[in-house]
Amino acid sequence: METLKNRHEIKLKKPARYWDDGLPIGNGRLGAMVMGKVNEETIYLNEETIWYGRDLDRKNPDTGKYLDQIRELLFAGEVEKAQFLAKMAITSTPKYMNPYQPAGDLRICMYHHKGKAEQYERRLLLEEAVAVVSYQMNGYTYKREHLVSQKYQVVAIRLSTDCPQGLTFSVNMSRKPFEEHTESIGEDTVCNYGECGPGGVCYFTGVKLVSPEKKAESIGDFTWIRGVKEACIYVACGTDFADPDYRAHCQKRLDEAANAGFETIFMEHQKTFSGLYNRMGFSLGTQDVPKEATDELLNEVKNGDHTHLKYLTETLFHYARYLMISSSYDCLMPSNLQGIWNGEYAPPWQCEFTININTEMNYWIAEKCQLPECHLPLFAQVKRMIPKGKKTAEALYGCRGFCAHHNTNLWDPEGIFDASPVWSTGAAWLSLHFFEHYRYTKDREFLRREALPVMREAIRFYEDYLTETKEGVLVTGPSVSPENTYRSNTGEIGALCMGPAMDMEILRQLFREYLEGCEILGLSEAESDAETIRAIAKKLPEIALTADGRIREWQEDYEEMEPGHRHISHLYALHPGYEITEETPELFDAARKTLETRLMHGGGHTGWSRAWITCFWARMKDADQTEESITRLLTDCVKINLLDTHPPFQIDGNFGIAEAILESLVQSHSGYLEFLPALPKTWQCGEVKGVLLRGGIIADFSWEEGRITELALTAKEDQMLTIRLNGSERKVILEKNVKKMQKV
């Protein structure tokens, strides 16, 4: 099976005007945004643990006193009164979490760099994970190469020119407006350090400037060099979050990087990155990189010219894998709302981990793209949440187990908006990612040691939290259907409710998968508490329909206040869940009607929502709508550098659209493998290599004229499975670690 070759890149012909038009580079722990300005460049730096302020206990001391009263009001239909009371009694004290903040700004100031920059290009090479800025001035060539090294843990920048006068420039590190200490710590090294808010992490950023031609000098808190053909800047940043010797380690990293040199760092960087990136391949048959810049290609699509639409689609997919490795590999913290990149000290939504969809969406492709290591920071974060989540469950609700609300930084309800804070299902959803990791890796020890214990703690919370209705079913509440509002049957407008559809869909899946995991490991009834859990699961309400045949979002058939709302939470069971499939035709049809109604009223207007909608269409096996939705994302929901925009920039849509592309090509959630279930008509030929499917199966396949022509499967364990392709169904027996070519 020959791999179709292509070089995917983000290419722009002018410097970035705004921060989120920059080129993102990162190694999981460190991030940088390259703007590409000619005379005075600013590179925005991030380190994963620089969050403002100290850890706060924000639990509302009065929640327990009013919880039953709020539930009674909701059952009685007195929504507005319940909501008014909940805003005071359940929301956290204080209301808001502190933000994720930049490490600072690296400023490079050129001297006597006059003239018009011609043949300017700013390129992010996805396969190499290198950002390159190049241009000509006065007939001479200038070039800057930027990467973030995993091995050396530095941002490395090489500047070079063929100009006889060479380069003369200075380097400085600042953190406006939160600058505390800046100084020179050697002729070639300057630094910026301080405390990120009272009681916050202590940070240190060091910058070293070196050249093979001459030594740099320092003036004040600048280091500078004159008249060299080549020079390198190395930046190291650390905090005391998990490293008491962070400052010494940063200085050591700078010295080691300088001793190794850029070429060695580059080679090691390529080795690490390509080892991850090349595990998978995807092509729609395009052969050449277009000569047009990325923003020009986007404008073509907006104007109805789809000549390069397939190239942009491929690039979107590979960009998501690039961003995954760059923001969530070998690090402590998972990707937040902007991955690891943030240019503001008061960023949108504090740049948090929003777990009513956004954080989860960040990781939908991790296993499928054979990047399970990139999933691990999310698991680490959940395990860090458990001790506080237990305290929250006890203090707020009088429950065992652990819970988490719609944002996680300090894991208590956040904000005063009616439609979001009082949603305690976040931990349940996150715990499902542990079982998903097992489904793909077949790692039974992970299932035993990590997945089931976390899932059990999440379930234990619901053993105490669920409330029985007069109909005899168990529901969550007070809760919300993120982040939507309704008009009740008595005419009251609210968001707070009992037992929204999304909560119940998540819990049914949580209980089902926990019991499945216990059965896989052969745990006894006593070890698993299976009898108790099965009894609770039987009392959870099933999916219900509205009078006009849509999936019901709330327990009652309420009128939606915003029928085109960006969240479509009640379709969780279609994706990423798998309760709604072709095998449940009534629900399948209702899901389609739900989606069509949302779109009819303007839904999908944010990037992440459009990406999720595309996943829904792929699961509905609607090829035309899938392609239309991908096109809409490219025309309406990305920046000139292909970063997803809400607006503003959020990284979740980049990951979500890659998931949708994969779901259009192969699905494995219904107990069988189905190839090309939602293949757009314009994708007549293509190839996928190395996609990982549920059951621990790696698939390589190619197609022509819309039909699979080659297929190879490799399983992590012996198994028999059903595959669907080219309109037929067959049984296949796979042996562990043996690649099996399928006759087509």
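Predicted model, so just to flag it, every value in this text is computed and none were measured.
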Do other residues, nucleotides or ligands put more than 12 heavy atoms under 6.0 Å from the [atom1] atom of [X]?
{"X": "E373", "atom1": "CD", "value": "yes"}
{"X": "E596", "atom1": "CD", "value": "yes"}
{"X": "E729", "atom1": "CD", "value": "yes"}
{"X": "E628", "atom1": "CD", "value": "yes"}
{"X": "E704", "atom1": "CD", "value": "no"}
{"X": "K740", "atom1": "NZ", "value": "yes"}

Report yes or no: does [X] contribute a side-chain atom to a donor-acceptor pair with the main-chain N or O of [Y] at less than 3.5 Å?
{"X": "E121", "Y": "K11", "result": "no"}
{"X": "N641", "Y": "G22", "result": "yes"}
{"X": "E128", "Y": "Q270", "result": "no"}
{"X": "E553", "Y": "P500", "result": "no"}
{"X": "Q684", "Y": "K681", "result": "yes"}
{"X": "N336", "Y": "E352", "result": "no"}
{"X": "T594", "Y": "A590", "result": "yes"}
{"X": "D443", "Y": "E445", "result": "yes"}
{"X": "Q667", "Y": "E663", "result": "yes"}
{"X": "S702", "Y": "G686", "result": "no"}

Minimum heavy-atom separation for [X] to [Y], with atom names?
{"X": "H567", "Y": "P482", "result": "CB-O, 2.9 Å"}
{"X": "V289", "Y": "R7", "result": "CG2-O, 2.9 Å"}
{"X": "R552", "Y": "A501", "result": "O-CB, 3.2 Å"}
{"X": "R321", "Y": "I365", "result": "N-CD1, 4.5 Å"}
{"X": "N654", "Y": "D644", "result": "OD1-N, 2.8 Å"}

Under a 3.5 Å threshold, yes or no: a donor from one side chain and an acceptor from the other, between [X] and [Y]?
{"X": "E579", "Y": "T584", "answer": "no"}
{"X": "S335", "Y": "N362", "answer": "no"}
{"X": "E582", "Y": "S670", "answer": "no"}
{"X": "T645", "Y": "K639", "answer": "no"}
{"X": "D305", "Y": "T307", "answer": "yes"}

> Does the pair E436 and K368 meet the rule for a salt bridge (Lys or Arg N to Asp or Glu O under 4.0 Å), with working shown?
Replying inline: CA-CA 10 Å; E436 195 77 348; K368 296 179 182 181; over 6 Å; no

> What's the verdict on side chain to side chain donor-acceptor pair (under 3.5 Å) for S283 and E687, showing C-alpha distance, side-chain angles and the deciding distance?
Replying inline: CA-CA 5 Å; S283 172; E687 178 182 80; over 6 Å; no

> Relative to Y672, does R724 satisfy both conditions: NZ or CZ under 6.0 angstrom from the six-membered ring centre, and within 45 degrees of the ring's axis?
Replying inline: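 Verdict for Y672: a cation-pi partner in R724.
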
> Any cation-pi pair here, R444 with Y438, using under 6.0 Å and within 45°?
Replying inline: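 Not flagged: R444 not positioned over aromatic ring of Y438.
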
> E127 and H8: side chain to side chain donor-acceptor pair (under 3.5 Å), yes or no, with the steps?
Replying inline: CA-CA 7 Å; E127 287 121 310; H8 292 92; 4.8 Å; no

> Run the side chain to side chain donor-acceptor pair (under 3.5 Å) check on Y329 and T272 step by step: do they pass?
Replying inline: CA-CA 11 Å; Y329 174 69; T272 300; over 6 Å; no

Which pairs would a plain distance check flag for residues 601-615, meaning a side-chain donor or acceptor within less than 3.5 Å of a matching protein atom at least two apart in sequence or in another chain?
from : atom 1 : to   : atom 2 : distance (Å)
H601 : ND1    : T597 : O      : 2.9
H605 : ND1    : G602 : O      : 3.0
T606 : OG1    : S609 : N      : 3.4
S609 : OG     : R566 : O      : 2.6
R610 : NE     : G604 : O      : 3.4
R610 : NH1    : S629 : OG     : 3.0
W612 : NE1    : H575 : O      : 3.0
T614 : OG1    : R610 : O      : 2.7
T614 : OG1    : S629 : OG     : 2.8

> What orientation do H437 and H375 show, parallel under 30°, tilted 30 to 60°, or perpendicular over 60°?
Replying inline: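 Aromatic pair H437/H375 classed perpendicular.
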
> Is the W429 ring parallel, tilted or perpendicular to the Y572 ring (thresholds 30°, 60°)?
Replying inline: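 Aromatic pair W429/Y572 classed perpendicular.
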
>> As a quick check of understanding, evaluate salt bridge (Lys or Arg N to Asp or Glu O under 4.0 Å) for E710 and K743, giving each step before the final call.
In response: CA-CA 7 Å; E710 292 184 71; K743 293 182 179 179; over 6 Å; no

> If you look only at pairs with a residue in residues 289-301, which of them pass as a salt bridge (Lys or Arg N to Asp or Glu O under 4.0 Å), with sequence neighbours excluded?
Replying inline: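 Output for this query lists K13-E296.
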
